[in-house]
Each structure stands twice: as C-alpha cells, then as structure tokens.
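All ligand and atom numbering here is 1-based and tracks the order in the structure.
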Amino acid sequence: MLDFTYDTLPSRVVFGVGALDRLADEVDRLGAAKVLVLCTPSGRARGENIAGRLGGRVVGIYDKAVMHVPAETAAAAQEEARRLGADCCVAAGGGSTIGLGKAIALDGGLPVIAVPMTYAGSEMTPIWGLTEGGVKRTGRDPRVLPKTVIYDPALTVSLPASVSGPSGINAIAHCVEALYAGDGNPITSLMAEEGIRSLSKGLQIVIETPDDLDARSLALYGAWLAGATLGVVSVGLHHKLCHTLGGSFNLPHAEVHAVILPHAVAYNSVAAPEAMARVARALGAEDAAGGLYDLAVAVGAKVALKDIGMAAGDLDRAADLATQNPYDNPRPVTRDGVRALLQDAFDGVRP
Ligand code: NAD
C-alpha cells in the first residue's frame with residue numbers, strides 16, 4: 001500500500017548544451033541588476049566567462065570559494081556582497097562555489113543562480129554547510145535553494161577525468177540513499193533509479209571521451225536527478241560517514257564518497273533489498289555493492305581510503321565519531337559494524 005509525503009522544491013531548471021546563453025535573460029527574469037559572480041581561485045577564468053556574458057549587470061567576481069565553506073570565507077563573501085550592493089549571486093562551479101552562494105543567501109537572503117560544473121548536486125538542495133574550528137555544521141533552509149539552475153553540459157567538458165569520476169559517484173550516492181530513505185517516496189525513487197542509470201552510462205563514456213556532449217548531457221542530467229532526490233530526503237549511514245571523514249580528517253569530498261559507497265551499500269544491503277535491487281538494475285550489475293565498486297574502478301576513482309589520505313591509526317576514532325549521534329538508517333548502525341566497514345574501505349577490498 002502506498003503511504004508517503006512528498007515536498008516539491010521551488011526551483012527553475014534550464015538544461016541543455018548552450019543553456020548558458022540564457023543566463024542574462026534568467027538574471028533579468030529575477031529582476032536582478034547587480035550580480036556578484038562566485039567561483040574558486042582556479043576557476044577564475046570560468047567566472048570571468050560568466051561575468052562577460054552579463055555585461056553591466058556584474059558588480060564583482062569573488063573567486064575565493066573553497067571546499068566545505070569555512071565560516072571566515074562565508075563572512076568575507078557576505079561582507080563583499082553587502083559592500084557591492086549585490087542583489088543576486090551567480091555561483092559558477094562545483095559544490096564548493098554553490099555552497100558559498102548558499103552561505104550568502106543564508107545571511108542576507110540574496111537569490112542565487114547556480115551554474116553547476118561538477119556532478120555534486122548541491123544546486124538542487126536547500127542544504128547549507130559551514131565549517132568552523134574543523135567542525136562542519138549543516139542545515140536545511142529554503143532560502144538557500146538556488147532560484148534558477150542553468151545546466152549546460154558544455155561547461156563540464158573541461159572537468160578532468162580525475163574529478164568527473166568521483167564527482168559522478170558522489171551523485172550516485174545521493175540516489176542510492178534516496179532509494180532506502182525512511183522519508184523516501186515513489187517519485188524520488190523513480191528519479192533516483194534513473195539518476196543512477198544516467199550517471200553510470202554517461203560517466204563511463206566521458207572518462208574515455210571527455211568532449212562527448214551526449215555523454216556529458218546524460219551524466220549532468222543524472223546529477224540533476226541526484227541533487228533533486230538529496231534535496232527532499234534524509235540521508236543515512238553513507239552520507240553521515242563521508243561527512244565525518246571529510247570534516248574531521250580533511251579527506252577530499254567526492255573521493256571519499258567514491259570509496260565509501262560500495263561498503264555502505266554492502267552494510268545496508270540485507271536491510272534494504274528492494275532498494276538494492278533497483279540500484280543493481282540501474283547499473284546493469286548482479287549486485288548493488290559489487291556493481292558500484294566496479295563502476296568506481298571503471299571511472300578511475302580511487303577505491304581505498306589509504307590511497308586518499310586516511311591514516312590507519314585514525315580508523316578507530318573515525319568509527320567513534322561516526323557512531324556518536326544516532327540517525328535513521330535501514331540497518332542499525334553499530335560501532336563494530338562501522339569499524340569493520342571502515343577497515344574494508346581502508347584496504348579497498350571489493351564487497
Ligand atoms: P568542488 O566544487 O571543490 O570542485 C572540484 C574541483 O573541480 C575544484 O578544483 C574546481 O575548481 C574544479 N572544477 C569545477 N568545475 C570545473 C570545470 N568545469 N572544469 C574544470 N575544473 C572544474 O567539488 P565538488 O565535489 O563539486 O563539491 C564539493 C563540496 O560541495 C563539498 O564541500 C560538499 O560538502 C558540497 N556539497 C554540498 C551539497 C549540498 O546539498 N549542500 C551536495 C553535494 C556536495
């Protein structure tokens with residue numbers, strides 16, 4: 001019997017090769033006239049390209065976005081937006097840049113237009129994050145949800161394989177957890193399964209042929225679906241564990257997701273057989289955990305924590321931290337269970 005609640009989130013999506021040409025119209029549509037463009041230091045040229053398309057509507061380019069939105073970076077960006085009298089932010093880049101846009105929106109309510117260039121999916125969620133004293137706080141607030149999202153697959157062609165692979169698996173992780181979320185629903189499950197299928201197919205091609213726009217479109221479409229599912233469901237063991245590893249041990253975000261996902265899925269598989277069958281079906285694999293591991297290998301993502309900067313001596317503390325606060329998950333989260341999972345992930349064994 002069907003019994004569910006589904007909140008739709010109000011955002012406008014403009015998708016397609018060349019969609020960036022519509023950016024100025026989308027700014028005008030919001031009634032904005034003083035745009036602050038956000039990007040990372042290494043993404044400055046991409047930020048300038050965006051600004052060039054907006055002409056006199058731009059009041060500045062702020063190129064200091066970094067991973068996990070340090071509170072001092074957020075405060076400096078909020079101050080810059082105020083100083084320039086900005087009435088809109090265009091966040092052009094990956095989850096780090098969009099996260100900075102959200103921090104500005106959280107403070108002053110400025111509307112954000114997101115132009116995503118990775119597969120992280122943040123642009124479709126009302127989830128913000130701020131890091132202070134090595135601890136990342138997250139929360140949900142409708143004010144931070146970008147008003148408009150411009151997905152232009154041509155912008156992702158420059159994304160190197162070393163970023164495309166892990167970033168795409170990060171998106172798949174949103175879909176996987178949406179399929180077994182306690183507050184999931186049939187609509188997000190449809191989106192999640194299709195998201196996994198699109199990402200899996202698209203990623204395997206873009207790794208070989210980065211400028212294949214059909215494959216880039218497929219992967220970015222999957223990332224949209226993934227972000228949209230993450231925006232409306234609660235996350236479980238996988239995201240909580242990645243949050244701990246990224247925040248407390250300073251491991252790279254997307255890479256951690258790629259390593260942990262097959263193991264989190266193996267941990268939960270007995271407790272969520274229907275979700276796992278859908279994951280396997282979308283991957284065209286025999287089982288979900290093994291299929292995700294094989295996909296990570298196929299797209300060139302690292303599959304062992306020891307290869308992305310984790311120290312063996314930190315595994316006990318990671319297990320302690322990750323099991324400190326209870327949260328919803330298909331299978332009860334135990335300290336011993338998580339410690340064993342972390343060991344497998346550290347060694348990089350195929351589940
Ligand atoms: P990122 O934004 O740091 O980007 C990764 C790297 O790719 C950067 O060096 C960036 O400059 C580069 N890059 C981006 N676009 C490029 C392009 N088109 N061509 C070449 N290089 C490009 O990493 P990410 O994985 O996209 O985002 C990670 C952050 O996003 C984390 O802080 C994570 O917590 C957050 N996140 C938040 C949510 C949410 O809902 N709030 C969801 C997913 C991720």
Side-chain angles (χ1 to χ4, degrees), residues 9 11 20 38-47 49-50 63-71 73-74 91-103 105-106 112 114-131 135-146 149-175 177-178 206 210-211 216 219-220 223-224 226-235 238-240 242-248 250-258 301 308:
L9 296 175
S11 78
L20 188 61
L38 307 175
C39 58
T40 57
S42 66
R44 175 85 197 186
R46 288 186 289 275
N49 170 32
I50 297 282
D63 66 0
K64 298 188 173 54
V66 288
M67 189 89 75
H68 301 314
V69 199
T73 308
S96 301
T97 307
I98 293 166
L100 185 60
K102 288 176 164 183
L106 190 63
V112 176
V115 184
M117 299 189 188
T118 70
Y119 304 126
S122 176
E123 63 281 355
M124 292 307 297
T125 84
I127 304 168
W128 55 265
L130 280 173
T131 304
V135 179
K136 186 168 178 182
R137 283 184 300 127
T138 60
R140 289 184 188 243
D141 190 314
R143 283 179 304 165
V144 309
L145 180 73
V149 181
I150 298 188
Y151 284 110
D152 188 336
L155 295 171
T156 61
V157 164
S158 57
L159 203 59
S162 60
V163 181
S164 296
S167 183
I169 306 271
N170 180 194
I172 288 179
H174 307 332
C175 299
E177 293 230 297
V206 303
D211 58 355
R216 285 288 185 187
L220 197 59
W224 165 22
T229 63
L230 179 66
V232 294
V233 301
S234 306
V235 293
H238 171 77
H239 280 79
K240 300 288 184 189
C242 291
H243 185 92
T244 301
L245 293 169
S248 302
N250 202 25
L251 301 185
H253 174 82
E255 285 77 358
V256 172
H257 276 267
I308 60 165

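With sequence neighbours excluded, the residues that form a ring-ring contact (aromatic ring centres under 6.0 Å, His included) with H238 are H257. With sequence neighbours left out, R140 forms a salt bridge (Lys or Arg N to Asp or Glu O under 4.0 Å) with no residue at all.
Residue S158 approaches ligand 1 through these ligand atoms, each under 4.0 Å from one of its heavy atoms: 17 (C), 18 (N), 19 (N), 20 (C). Residue K102 has at least one heavy-atom neighbour below 4.0 Å for each of these atoms of ligand 1: 39 (C), 40 (O), 41 (N).
Not one N or O of A254 is nearer than 3.5 Å to an N or O of ligand 1, by distance alone. Checking only distances, I127 does come within under 3.5 Å of ligand 1, N or O to N or O. Annotation: S42 places an N or O atom under 3.5 Å from an N or O atom of ligand 1; distance criterion only. Considering backbone and side-chain N/O atoms, T118 comes within less than 3.5 Å of an N/O atom of ligand 1. On a distance-only criterion, K136 and ligand 1 share at least one N/O pair closer than 3.5 Å.
The option from M124, H243, R46 that lies nearest to atom 12 (C) of ligand 1, judged by heavy atoms, is R46. Nearest to atom 33 (C) of ligand 1 by heavy-atom distance, out of H253, M117, M67, H257, is H253. Residue nearest to atom 2 (O) of ligand 1, selected from G231, A91, S96, S122: S96 (by heavy-atom distance).
Contact detail for A103 and V69: the closest heavy-atom pair is CB-CG1, 4.0 Å.
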